[in-house]
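Both backbone and side-chain heavy atoms feed into the values below; hydrogens, waters and symmetry mates do not.
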Amino acid sequence: MPLSCDEAVLSDLLEDLSASQPPAPPDRYRAVRRRAFRRLWHQVATAGVALAVLAAGLTLMSSRPPAALARPAAAYASLPTTKGGYLGVYEAGGPRSYQPVAEFATAAGEQPNLIGDFTNYPEPFPRAFAESAHDHGAAPLVQIDPAGVSLSAIAAGAYDAQLRAYANSVRTFRHPVVIGFGHDMNGFWYSWGDTHVSPATFVAAWRRIVTVFRAQGAVNVTWLWTVADISGTEPLSAWWPGSRYVTWVGVDGSYDLPSDTFSSVFGTTIDQVRQFTRKPVLLSQAAVWPQVGQTVKILDLFHGMATYDTLGLVWFDIAQHSPGVQDPRIEDNQAAVYAFRLGVRDELSLVPVR
Amino acid sequence: MADRERVAFEDFVLARGQALQRFGYLLTSDWALAEDLLQTALARTYPRWRRIDSDNPEAYVRKIMVNTWSSWWRRRWRSEVPTESLPDTAAGDEYGDVDRRQVVQAALDRLPRRQRAVIVLRYHQDLSEDQVAQLLGISTGTVKSQAAKALARLRTDGALDGYRATLLDGGA
């Protein structure tokens with residue numbers, strides 16, 4: 001059973017509450033600690049409990065507030081959640097060549113700090129792509145698309161071996177990695193999405209993946225739960241895996257019509273997301289099709305991105321080879337380049353991601 | 001206990017201790033008590049470490065934590081007189097993060113013990129209704145009804161509304 005909106009909100013609230021810092025006054029705290037210590041010591045003496053409990057316990061006690069515990073052999077790199085801190089890009093052939101990204105960077109006037117790649121499932125972690133992104137001061141954003149793969153099989157653990165290998169590769173990379181799984185699942189157009197897979201199955205698969213990664217110590221992953229800017233047959237909250245399984249929320253959207261505005265493209269979806277979670281939002285795939293008037297819409301996009309307090313945007317800079325003019329690349333339109341550069345300059349302040 | 005098992009136990013405490021302590025906090029609303037609860041559960045777990053299902057020691061520790069907490073509660077209920085009810089938070093306040101947490105915590109504190117356990121296990125620990133039933137030793141139907149009652153109560157208390165208002169006001 002997928003969670004209702006209220007249940008998802010509650011889950012998020014509990015997580016938020018449990019992450020709060022303990023405000024206990026020091027004196028009282030010491031008294032309780034002493035009591036706990038005495039109780040523990042009593043157990044050690046009477047039950048013959050070995051020193052390990054004591055050692056482990058002391059580690060815990062001394063780690064107040066409880067945010068300071070270390071997991072063994074884990075990679076810790078994480079990304080700051082700075083509003084307007086990210087500019088990302090998807091390029092055709094991103095993993096194979098940095099050249100298109102360099103051209104985009106020239107046009108945008110900034111080196112992007114996120115570089116996106118769409119991969120199939122199960123494929124190994126695109127390590128060379130990740131290294132290349134890192135060498136250029138960016139974090140890799142890997143969208144894993146489970147095309148034609150059974151999500152219930154993933155949830156049931158049939159892919160655990162591959163996931164462990166993937167997670168180990170990510171962990172040994174050691175730098176921040178953004179990973180999305182089954183993007184646009186609330187849309188009907190993918191085999192892993194709405195009407196093909198139930199929200200409960202999607203959620204179970206997502207949680208399985210995150211759990212396996214954590215067990216492998218791959219905690220350098222920023223989990224990007226990515227939805228499309230549409231209303232599907234299910235409420236968005238039905239697809240929500242829970243706040244402990246998600247780091248950022250991604251919203252994919254594009255200006256398709258001349259009447260589109262930030263509010264109609266991204267705004268309504270962001271409002272829905274904020275009904276059940278406070279996680280930071282990234283415009284994880286943003287495009288403006290040329291026929292709707294790129295220049296004005298690009299300015300609107302950047303303005304909305306800032307107004308809605310998002311992390312930034314990932315530009316979809318890939319020409320579509322379908323009938324009609326479908327080329328959102330800014331490099332092919334000088335006016336779009338100016339608008340984009342203006343947006344980057346005025347609305348973004350990129351954070352270092354190393 | 002063999003060294004290998006001792007190391008496994010320490011790894012477990014290091015990896016999961018913080019999460020379990022947070023779980024304890026949601027039950028007790030008190031960091032010191034949460035730590036006390038966890039220590040007690042770990043001390044009881046350690047001698048049985050070898051026999052515990054190695055795939056899921058966390059479930060075992062969690063169960064001891066809930067049972068221990070229940071027994072504390074019973075003890076206190078008999079020996080202590082409850083203090084005055086918690087301060088009511090006026091509706092329409094602008095909640096900051098801290099205020100919101102206080103509202104949620106106060107709402108949790110007002111829940112009956114079993115409802116609170118169901119809520120935390122179901123919505124924070126992400127256990128299924130069946131798993132919660134098994135852990136608490138009650139029927140799945142009871143888990144469902146307790147969760148529904150608790151949710152209704154949290155709605156009435158306005159804990160969920162205040163949170164939404166904060167979000168829509170633009171609090172990221």
Side-chain angles (χ1 to χ4, degrees), chain A residues 1 3-4 6-7 9-24 28-29 31-33 35-37 39-40 43-44 47-50 52-53 55-57 59-61 63-72 74 81 83 207 242 244-245 271 274-275 277-278 280-281 309, chain B residues 1 5-7 9-19 21-26 29-36 38-40 42-47 49 97-98 100-101 104-105 107-108 119-120 122-124 126 128-129 147 150-151 154-155 159-160 163-164 166-168 170-172:
Chain A
M1 276 288 289
L3 295 184
S4 72
D6 268 358
E7 290 171 316
V9 165
L10 178 57
S11 180
D12 208 42
L13 281 171
L14 292 173
E15 174 64 11
D16 179 55
L17 181 58
S18 77
S20 62
Q21 297 301 310
R28 176 162 164 268
Y29 173 64
V32 175
R33 179 158 37 174
R35 208 167 63 227
F37 183 83
R39 176 176 309 168
L40 191 62
Q43 302 237 9
V44 170
V49 175
V53 179
T59 314
L60 260 185
M61 287 180 191
S63 68
R64 201 100 172 122
L69 274 178
R71 287 184 185 80
T81 52
K83 287 167 191 169
R207 287 181 175 181
R244 260 152 319 105
Y245 297 90
D271 287 343
R274 288 191 174 155
Q275 290 281 316
T277 181
R278 302 189 313 137
V281 172
D309 287 337
Chain B
M1 183 176 288
E5 285 159 354
R6 190 174 51 75
V7 169
F9 181 78
E10 285 176 355
D11 280 354
F12 168 74
V13 173
L14 279 172
R16 300 306 303 160
Q18 181 185 324
Q21 197 168 336
R22 290 179 168 180
F23 167 59
Y25 177 71
L26 289 181
S29 294
D30 183 315
W31 282 108
L33 287 178
E35 190 176 283
D36 217 5
L38 175 59
Q39 290 301 325
T40 306
L42 288 175
R44 286 183 190 171
T45 305
Y46 188 74
W49 186 248
D97 271 4
V98 173
R100 188 186 58 246
R101 283 171 179 160
V104 176
Q105 187 164 316
L108 278 180
I119 286 292
V120 174
R122 181 84 180 88
Y123 300 117
H124 185 256
D126 295 323
S128 69
E129 284 162 346
L151 266 171
L154 292 172
R155 278 189 206 109
L160 306 179
Y163 171 75
R164 279 196 197 142
T166 314
L167 292 179
L168 296 177

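Residues B/Leu108 and A/Leu17 are in side-chain contact: their nearest non-hydrogen atoms beyond the backbone lie under 4.5 Å apart.
With a threshold of 4.5 angstrom between heavy atoms, B/Ile119 approaches chain A through its backbone and through its side chain.
Rounding to the nearest 0.5 Å gives a distance of 9.0 Å between CG of A/Leu13 and CG of B/Leu154. Distance CG/A/Leu14 to OH/B/Tyr25: 11.5 Å, rounded to 0.5 Å. Within the model, atoms CZ of B/Arg101 and OG of A/Ser18 stand 9.0 Å from one another, a figure rounded to the nearest 0.5 Å.
Formation of a donor-acceptor pair under 3.5 Å by the A/Arg244 side chain with backbone atoms of B/His124 is found in this model.
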